2 protein chains.
Amino acid sequence: MTGLRADNHLAARQSLAERFHRWSTQAFDLSQCPVRGVLNALGDKWTTLIVMVLSQRAHRFSELQRAIPDISKRMLTQTLRDLERDGLITRRVFPTKPPSVEYALTALGLSLLDPLVNLIAWAEHSQSQIAAARSAFDEAA
Amino acid sequence: MTGLRADNHLAARQSLAERFHRWSTQAFDLSQCPVRGVLNALGDKWTTLIVMVLSQRAHRFSELQRAIPDISKRMLTQTLRDLERDGLITRRVFPTKPPSVEYALTALGLSLLDPLVNLIAWAEHSQSQIAAARSAFDEAA
DNA sequence: CAGAATCCAATAGGATACTG
DNA sequence: CAGTATCCTATTGGATTCTG
């Protein structure tokens, strides 16, 4: 079998090309494509990190703050709201005094973990190549 | 076998938890973790779209502009530079007159397609649930 | 404890005009 | 054709203060 390795990404290429074509013909407004919303949600500064922490177990607000030390309360609140709004996490308030709030992944949030872990694995596996490429590029300038 | 479906994402959860723990102990500066760079590169407004277009075949600068009508030259240039710097695409200049430049995915860029298509498939599959969750959330307010 | 509100700095990104 | 340069606006995100 020749080209088995070369064809490794063929299915992915065809799948991507097909999707892009469908988007650009159906809804020509690319800014409305379903993926854009998802990708720039994941692309913000804290979303992925929070999802990773919650992938272990439910966390309270202050637990999340301690798990991610350099996040501000403002951004933690806002990112949690967005995740809740998208149905990826739940927010349960316990009417204790002082109140406590627990955040946990929903089934939909859990289903995100599979593609996410693939991407993260790729990032870890590729980081040395990327770093090398950056050094070479920067040195050429 | 009980819980087969419930354990569906168990491997992903454990994998994520393990990685997060490794990062937060080894390099406590979470902003330096290898994934952050990748995710907020993919999270910007144009990177994913450009990668999708290039997944079909190599494109020239003006072809990319036509394929993605609402990108400005400024952002197209800048995003292409970043992708080149990270070693995900190549930039070949043909000394014709007027000059033409061709952009194409590298092997590393091609290897990104697999995790990327998984994430996009998830986004497409989940978009209706996300939209429903948003409506419900916004209506409650 | 779990936020809400306000203010401010940095960055991203669009529009336009110019160039080899 | 394939950019570069400049200007300007909008969004992101941090710091701080206040509250039930």
Side-chain angles (χ1 to χ4, degrees), chain A residues 29-33 36-50 53-54 58-86 89-104 137 140-141, chain B residues 29-33 36-50 53-54 58-86 89-104 137 140-141:
Chain A
D29 183 3
L30 293 178
S31 66
Q32 298 295 4
C33 91
R36 301 250 12 129
V38 176
L39 282 181
N40 72 23
L42 297 182
D44 76 11
K45 204 171 177 184
W46 304 110
T47 300
T48 315
L49 235 37
I50 291 178
V53 175
L54 292 182
H59 278 67
R60 292 178 48 188
F61 188 87
S62 51
E63 286 183 310
L64 286 168
Q65 271 197 104
R66 280 188 292 274
I68 308 171
D70 52 345
I71 194 173
S72 64
K73 282 165 107 171
R74 186 188 185 286
M75 289 315 296
L76 182 54
T77 301
Q78 182 177 309
T79 309
L80 288 171
R81 282 284 183 279
D82 292 342
L83 284 168
E84 185 194 2
R85 188 172 109 95
D86 287 351
I89 67 174
T90 56
R91 176 176 182 273
R92 290 187 60 198
V93 182
F94 297 93
T96 56
K97 198 180 163 194
S100 68
V101 181
E102 189 178 86
Y103 296 91
F137 186 90
Chain B
D29 183 4
L30 293 178
S31 66
Q32 298 295 4
C33 90
R36 302 249 13 130
V38 176
L39 282 182
N40 72 23
L42 296 183
D44 75 13
K45 203 171 178 183
W46 304 111
T47 300
T48 315
L49 236 36
I50 293 178
V53 175
L54 292 181
H59 278 68
R60 292 177 49 187
F61 188 87
S62 50
E63 286 183 309
L64 286 168
Q65 271 197 105
R66 280 188 292 274
I68 308 172
D70 52 346
I71 194 173
S72 64
K73 282 164 110 171
R74 187 188 185 287
M75 290 315 296
L76 181 54
T77 302
Q78 182 176 309
T79 309
L80 288 170
R81 283 283 183 280
D82 291 342
L83 284 169
E84 185 193 2
R85 188 172 110 96
D86 287 351
I89 67 174
T90 56
R91 177 176 181 273
R92 289 188 59 198
V93 182
F94 297 93
T96 55
K97 199 180 160 188
S100 69
V101 181
E102 191 178 84
Y103 295 91
F137 186 90

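As the structure is a computational prediction, the values presented were derived from the model and not from experiment. Note that these values count all heavy atoms, side chains included, but never hydrogens, waters or copies made by symmetry.
- Residue A:Phe94 is classed as having no contact, given no heavy-atom separation below 4.0 Å to the nucleic acid.
- In this structure, B:Arg36 contributes its side chain and A:Lys45 its backbone to a donor-acceptor pair below 3.5 Å.
- For the pair A:Gln65 (side chain) and A:Ser62 (backbone), a donor-acceptor distance under 3.5 Å is absent.
- In this structure, OH on A:Tyr103 lies 4.5 Å from CZ on A:Arg91, to the nearest 0.5 angstrom.
- With hydrogens and angles disregarded, no donor-acceptor distance shorter than 3.5 Å links the side chain of A:Gln78 to the backbone of A:Met75.
- Taking atom CD1 of A:Ile50 as the reference point, atom P of C:dA2 lies 14 Å away to the nearest angstrom.
- The main-chain N or O of A:Leu42 is found under 3.5 Å from a side-chain atom of A:Thr48 such that the two form a donor-acceptor pair.
- The shortest side-chain heavy-atom distance between B:Leu64 and B:Trp46 does not fall under the 4.5 Å cut-off.
- For the OP1/OP2 pair of C:dC1 and a distance below 4.0 Å, the side-chain nitrogens and oxygens of A:Tyr103 include no atom meeting the criterion.
- In this structure, A:Val101 and A:Arg92 have side chains that are not in contact, with every pair of non-hydrogen atoms separated by 4.5 Å or more.
- Contact of the A:Ile68 side chain with the A:Leu76 side chain is not registered, since no non-hydrogen atoms from C-beta on lie closer than 4.5 Å.
- Between A:Arg81 and A:Pro98, it is A:Pro98 whose nearest contact on DNA chain C lies nearer the 5' terminus.
- Atoms CZ and CD, on A:Arg60 and A:Glu102 in that order, are 8.5 Å from each other to the nearest 0.5 Å.
- The span of DNA chain D lying next to chain A, judged by atoms under 4.0 Å from heavy atoms, is bounded 5' to 3' by D:dG13 to D:dG20.
- Rounded to whole Å, atom P of C:dA2 lies 10 Å from atom CG of A:Leu76.
- Put simply, CZ on A:Phe137 and CG on B:Asp86 are 9.5 Å apart, with the number rounded to the nearest 0.5 Å.
- Note on the helix from C:dC1-D:dG20 to C:dG20-D:dC1: angle between the axes of the first and last five pairs equals 50°, rounded to 10 degrees.
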Classify every nucleotide of nucleotides 10-18 of chain C by which part a protein heavy atom approaches to under 4.0 Å, writing B for the base, S for the sugar-phosphate alone and - for neither, in 5'-to-3' order.
---BBB---

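- In the model, B:Thr47 has a side-chain atom that pairs as donor or acceptor with a side-chain atom of B:Asp44 under 3.5 Å.
- C:dA2 atom C1' lies 9 Å from atom CZ of A:Arg60, rounded to whole Å.
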